[in-house]
Student: 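What follows is a single structure, and I will ask about it in a moment.
Whatever order the structure lists ligands and atoms in, that order sets their numbers, starting from 1. Worth saying up front: this structure is predicted, and the values here are computed from it rather than measured.
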Amino acid sequence: MFRRIPYPVNEQDQQQRARRVLQISGLSALGLLLAAVVADPRIVHYIVVGIGVLVVVAWFAWKQRLTIAVNLFLWAMTLFLSALAWLSEGVRDMALMAYPAVLIFSAILGGRSLFFPLLSFMILFATVVGFMTLYGFHEAYYYELGFRHIVFADVILAMTGFSAYILIRDQRRLMISLHEENRRVKENENLIGALANVDQLTGLANRRYLEAEFEHRFKICRRQKSCLAMLFFDLDNFKPVNDSLGHAAGDTLLRQMAERMNKLIGEDDVLCRFGGDEFLLLTAFNPGEEKRINQVAQALIDAATRPFFIMDTLIEVSASVGVAFAPQHGTSFSELCQHADLAMYQAKDDGRHIFRIYDDSMKRLSKEKLNMMASLRDALKNREFTVQYQPQIRLGNGSVCGAEALIRWRLGSGAFVSPADFIPLAESTGIIVDIGYWVLRESCIACAQWRSQGHQDMTVSVNLSYVQFRDGDLPGKVKTVLNETGLPPSALELELTESMLIGESVHVQRQMDELHQLGVRFAIDDFGTGYSNLGYLQRFNASRLKVDKSFVSDLGQSDRDRPLVRAIIQMADSLNMQVVAEGVEDELTLQQLQQMGCHEAQGYYWSPARVSQEFIHWIEEHNSAPRED
Ligand code: C2E
Ligand code: CA
Ligand code: CA
């Protein structure tokens, strides 16, 4: 009960206490003065000494020497009261009425080092004086009840009552303010707790909250024999938006995306922003209800596909989703996240803009990827890359109009790795910048050589990654390579995909304008798989449009893709662009393309990609063979 409370608690508190000691000692002095008037002459000089001590106490209090003032005051009062009792009626003396008041003051103003000694002294004094009187060692001096008793009683009651009142009132105020402070601290604590669980950008829950929620919900699911689904959502082409339009636009897009997603989820679902452009959705379902989860995943993807309108710019993105179920695919938060993440990467690998549900084969693949990433770092140094060239044919007369440069990676073991597998990895690590520069150089060297060997009109098309635009000096690098290799800019074409042009990227646009002024040409690769936005195409001065092979490969067999390919060709015509069909593998497809008025094509029907020497050899054979196509 008596924990040592250091006082003064603070400076303000100390001043208040000093003021109280000053008031109480002043009041006591006044009381004693009054008592002196009516007191027996035997004790008057004690009272005068008492008043003198109170003046000293008041002086210490005035000087803010609180400890001395309090100790002196309470000990002096105790001794003074005891002396009065000793001189008068002993243990029955009225002075002892003031003992409890002294104890209360000491408990409030002092510490236990003051309280307990005082209490002990008082008990001892009362006991000793009591026994001494009882056994005749001390003679009490009993007064006849008189006027002075009334004055003493009133003075003691008034002094103790008033002093106790102001001290306890202070105490109560302190309690109220402590209470208030406590409430504020609690409120802040709640606020901090809430903020710690919220993503500041989108207002959605954050990862921390989701993790806690997962633990909680997973227990419930276990009891109810239901399941949880974790949906890992990732925007496919957010980076170019951020890089080109700036972070403010990126943030706005994320906020709008969060709003859209929020509208799609159920009351009991938890949606959180996991970081960057990644979102996680946790939702419960009963076994057999997996179809509903598929629908949710698809709805999220569809929500991302609707255009965003930010800073007067129409932005189109897409999203990939990976799904993992608990307990089937994992029983801990981290395991489930990891598996949903792997499934999301699989969705990206499988062409983006789709969802995939986790299965164990994905884990094996991800290990392979890590290994690949490690060897990719040394591949350039170890000369494991080669560039091969695939001819592009003019459908009008069957002549070769150019070549697409395609990189090949041959591992030390002799096995080939498909660029479709390692280019995304090289992009994610940034190594693509060096690789891309190397491919550009090799291709320009090769093309300059073909031209010098009599194929003066040969051109080469080099695939570019959006990462190569990032440092902003692509035009400078291209210029250097052209200068060093002597290839005229008009003989070089750079292939870009639509996703790189998203958001009318100022950054990309500037570099493309520079390259365009240099005389370099552009082709839009994989056309039809992105958003096929006409506005982008016009703005970026592309001279060729390459119809993705997924629309071309079936043209011979089925008429499903014909309307689309026909529309692309017509559109390109009206924009004055050449159309190149990719992936022509058979005669029937070629005929279809010719009927539709397609200008150019490439594919295994003519030739796969070959190393430079073999490529030129192939051209010479092709040119000398009688034309049938
Ligand atoms: P892409 O630019 O669409 O390249 C065309 C792909 O189609 C090439 O695959 C080519 O070998 C293949 N192909 C050509 N004719 C046919 C055909 O008749 N049928 C079929 N089924 N396929 C055909 P490849 O070489 O595996 O390249 C895959 C992708 O990797 C390329 O797609 C391109 O996006 C990327 N890539 C290749 N080389 C580079 C490079 O040097 N830099 C960058 N950034 N990306 C590259
Ligand atoms: Ca290409
Ligand atoms: Ca392509």
Side-chain angles (χ1 to χ4, degrees), residues 240 348-349 351-352 376 379-380 384-393 402-410 416-447 459-470 474 477-478 481 492-500 521-530 532 542 544-557 565 568 579-590 593 600-612 615 618:
K348 289 211 191 263
D349 278 357
R352 303 172 154 197
L376 200 52
L380 207 54
E384 289 171 359
F385 292 124
T386 47
V387 182
Q388 298 193 351
Y389 305 90
Q390 184 176 40
Q392 296 175 326
I393 312 293
E404 177 176 4
L406 294 161
I407 190 168
R408 296 289 172 262
W409 182 16
R410 192 173 184 209
F416 278 97
V417 187
S418 162
D421 290 333
F422 73 81
I423 295 287
L425 278 184
E427 284 178 336
S428 68
T429 53
I431 305 173
I432 189 70
V433 175
D434 293 337
I435 297 178
Y437 189 65
W438 179 82
V439 172
L440 181 70
R441 250 186 97 79
E442 287 292 304
S443 309
C444 289
I445 292 172
C447 189
T459 61
V460 72
S461 304
V462 177
N463 290 285
L464 275 193
S465 156
Y466 69 92
V467 183
Q468 292 175 268
F469 277 103
R470 224 181 260 165
L474 189 65
K477 285 179 173 167
V478 171
V481 170
L492 176 65
E493 181 179 67
L494 299 174
E495 293 193 5
L496 314 169
T497 57
E498 285 169 275
S499 63
M500 288 159 70
R521 291 171 308 127
F522 293 104
I524 306 295
D525 205 356
D526 304 340
F527 192 76
T529 57
S532 313
R544 295 208 294 180
L545 207 63
K546 301 186 71 176
V547 186
D548 190 70
K549 59 179 175 291
S550 60
F551 304 112
V552 174
S553 54
D554 273 350
L555 280 182
Q557 271 75 46
V565 176
I568 293 176
V579 174
V580 187
E582 297 182 315
V584 178
E585 293 184 2
D586 54 52
E587 179 79 37
L588 275 175
T589 307
L590 170 64
L593 287 165
E600 292 158 359
Q602 64 187 85
Y604 297 161
Y605 176 68
W606 293 280
S607 168
R610 299 160 188 270
V611 291
S612 181
F615 170 75
W618 180 88

Student: Should Q388 be listed as contacting ligand 1, given a heavy-atom distance under 4.0 Å as the test?
Tutor: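 Contact check Q388 vs ligand 1: negative.
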Student: Does the protein put a heavy atom less than 4.0 Å from atom 18 (O) of ligand 1?
Tutor: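 At least one protein heavy atom is under 4.0 Å away.
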Student: What about F422 and F416, are their ring centers closer than 6.0 Å?
Tutor: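 They do not qualify: ring centres at least 6.0 Å apart.
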Student: Could you give the distance from CG (D548) to OG1 (T497), rounded to the nearest 0.5 Å?
Tutor: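 Atom-to-atom, D548:CG and T497:OG1 are 11.0 Å apart.
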Student: Can you sort out which atoms of ligand 1 are near G603, meaning under 4.0 Å from one of its heavy atoms?
Tutor: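 Under 4.0 Å from G603, ligand 1 has these atoms: 15 (N), 18 (O).
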Student: Is there a protein heavy atom at a distance of less than 4.0 Å from atom 27 (O) of ligand 1?
Tutor: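 True for atom 27 (O) of ligand 1.
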Student: Looking at side-chain heavy atoms only, is the closest gap between P419 and W409 below 4.5 Å?
Tutor: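 No; the side chains remain at least 4.5 Å from each other.
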Student: Applying side-chain hydrogen bond (donor to acceptor under 3.5 Å, both in side chains), which residue pairs with at least one partner in residues 461-470 are found, sequence neighbours left out?
Tutor: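 Output for this query lists D243-R470, E404-N463, E427-S465, S461-E493, S461-R544.
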Student: Quick one: look at T497 and ligand 1, take heavy-atom pairs under 4.0 Å, and tell me if it's side chain, backbone, both or neither.
Tutor: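 Neither part.
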Student: Which bit of E582 gets closer than 4.0 Å to ligand 1, counting heavy atoms only: side chain, backbone, both or neither?
Tutor: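 Looking at E582 and ligand 1, just side chain atoms fall under 4.0 Å.
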Student: What part of Q390, side chain from CB on, backbone N/CA/C/O, both or neither, has a heavy atom under 4.0 Å from ligand 1?
Tutor: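 It is the side chain that touches ligand 1; the backbone stays farther off.
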Student: Tell me whether ligand 1 is touched by Q602 - counting only heavy atoms on the residue side and a distance under 4.0 Å.
Tutor: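 It does not; every heavy atom stays at 4.0 Å or beyond.
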Student: Would you say R408 touches ligand 1, if touching means a heavy atom closer than 4.0 Å?
Tutor: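 The answer is yes, since R408 has a heavy atom less than 4.0 Å from ligand 1.
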Student: Which is closest to atom 39 (C) of ligand 1 by heavy-atom distance: I407, V387, D526?
Tutor: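 Among I407, V387, D526, the closest heavy atom to atom 39 (C) of ligand 1 comes from I407.
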Student: Please round to the nearest 0.5 Å and tell me the distance separating atom OG of S443 and atom CH2 of W438.
Tutor: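 Here the rounded value is 8.0 Å.
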Student: Should one rank P419, G436, A581, A601 by closest heavy-atom distance to atom 30 (O) of ligand 1, which comes out on top?
Tutor: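 The residue whose heavy atom sits nearest atom 30 (O) of ligand 1 is P419.
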Student: Atom CG in L464, atom CG in L440: separation rounded to 0.5 Å?
Tutor: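 Interatomic distance, L464 CG to L440 CG, rounded to 0.5 Å: 7.5 Å.
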Student: Would you mind checking which non-hydrogen protein atom is closest to atom 21 (N) of ligand 1, with the distance to 0.1 Å?
Tutor: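 Minimum-distance protein heavy atom for atom 21 (N) of ligand 1 reads E585 OE2, 3.1 Å.
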Student: Specify side chain, backbone, both or neither for D525, according to which of its non-hydrogen atoms lie closer than 4.0 Å to ligand 1.
Tutor: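 Side chain only.
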Student: Report yes if some heavy atom in the side chain of I407 is under 4.5 Å from a heavy atom in the side chain of I423; otherwise report no.
Tutor: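 They are in side-chain contact.
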Student: Examine the side chains of D421 and S418 and answer whether a donor and an acceptor come within less than 3.5 Å of each other.
Tutor: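 On atom types as modelled, these side chains do not qualify, holding no pair under 3.5 Å.
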Student: Is it the side chain (CB and beyond), the backbone, both or neither of V439 that lies under 4.0 Å from ligand 1, heavy atoms counted?
Tutor: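 Under 4.0 Å from ligand 1, V439 contributes side-chain atoms alone.
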Student: When you check the space around the Ca ion (ligand 3), which protein N, O or S atoms turn up under 3.0 Å?
Tutor: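 As for protein N, O or S atoms lying under 3.0 Å from the Ca ion (ligand 3), they are D525 OD1, D526 OD1, E582 OE1, E582 OE2.
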Student: Nearest 0.5 Å, what's the OG1-CG distance between T429 and D434?
Tutor: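 The CG atom of D434 is 9.5 Å from OG1 of T429, to the nearest 0.5 Å.
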Student: Heavy-atom distance from atom 34 (O) of ligand 1 to the protein below 4.0 Å?
Tutor: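 Not a single protein heavy atom is under 4.0 Å away.
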Student: So which N/O/S atom does E404 have closest to the Ca ion (ligand 2)?
Tutor: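 It is OE2, the N, O or S atom of E404 closest to the Ca ion (ligand 2).
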Student: At under 4.0 Å between heavy atoms, is it the side chain or the backbone of I423 that contacts ligand 1, or both, or neither?
Tutor: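 Only the side chain of I423 comes within reach of ligand 1.
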Student: Going from CZ on F527 to CG on L545, what distance comes out if it is rounded to the nearest 0.5 angstrom?
Tutor: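 Between atom CZ of F527 and atom CG of L545 there are 5.0 Å.
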Student: Any heavy-atom pair between the side chains of E384 and R410 that's under 4.5 Å?
Tutor: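 No, too far: nothing below the 4.5 Å cut-off.
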Student: Taking side chain as C-beta onward, heavy atoms only, is R521 less than 4.5 Å from T459?
Tutor: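 Of all side-chain heavy-atom pairs linking T459 with R521, at least one is under 4.5 Å.
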Student: So which heavy atom in the protein is nearest atom 10 (C) of ligand 1, and how far is it from that ligand atom?
Tutor: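 Nearest neighbour among protein heavy atoms for atom 10 (C) of ligand 1, to 0.1 Å: L406 CD1, 3.6 Å.
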Student: Which option, T589, V467, N463, owns the non-hydrogen atom nearest atom 40 (C) of ligand 1?
Tutor: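 Heavy atom nearest to atom 40 (C) of ligand 1 belongs to N463.
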Student: If we ignore angles and hydrogens, is there a donor and acceptor under 3.5 Å between the side chains of E582 and Q602?
Tutor: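 There is no such pair between these side chains.
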Student: Do R610 and W618 have side chains that approach each other closer than 4.5 Å (heavy atoms only, starting at C-beta)?
Tutor: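 Side-chain contact under 4.5 Å: yes.
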Student: Can you give me the closest heavy-atom contact between L593 and A581, atom names plus distance?
Tutor: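 Taking L593 first and A581 second, the nearest heavy atoms are CD1-CB, 3.5 Å.
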Student: Can you tell me the protein heavy atom closest to atom 16 (C) of ligand 1 and the distance?
Tutor: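 Here the closest protein heavy atom is Y604 CE2, 3.4 Å.
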Student: What residue and heavy atom of the protein are closest to atom 6 (C) of ligand 1, and at what distance?
Tutor: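 The closest heavy atom on the protein side is K549 NZ, 3.5 Å.
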Student: Does the side chain of V478 reach to within under 4.5 Å of the side chain of Y437, using non-hydrogen atoms?
Tutor: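 A side-chain contact under 4.5 Å is absent here.
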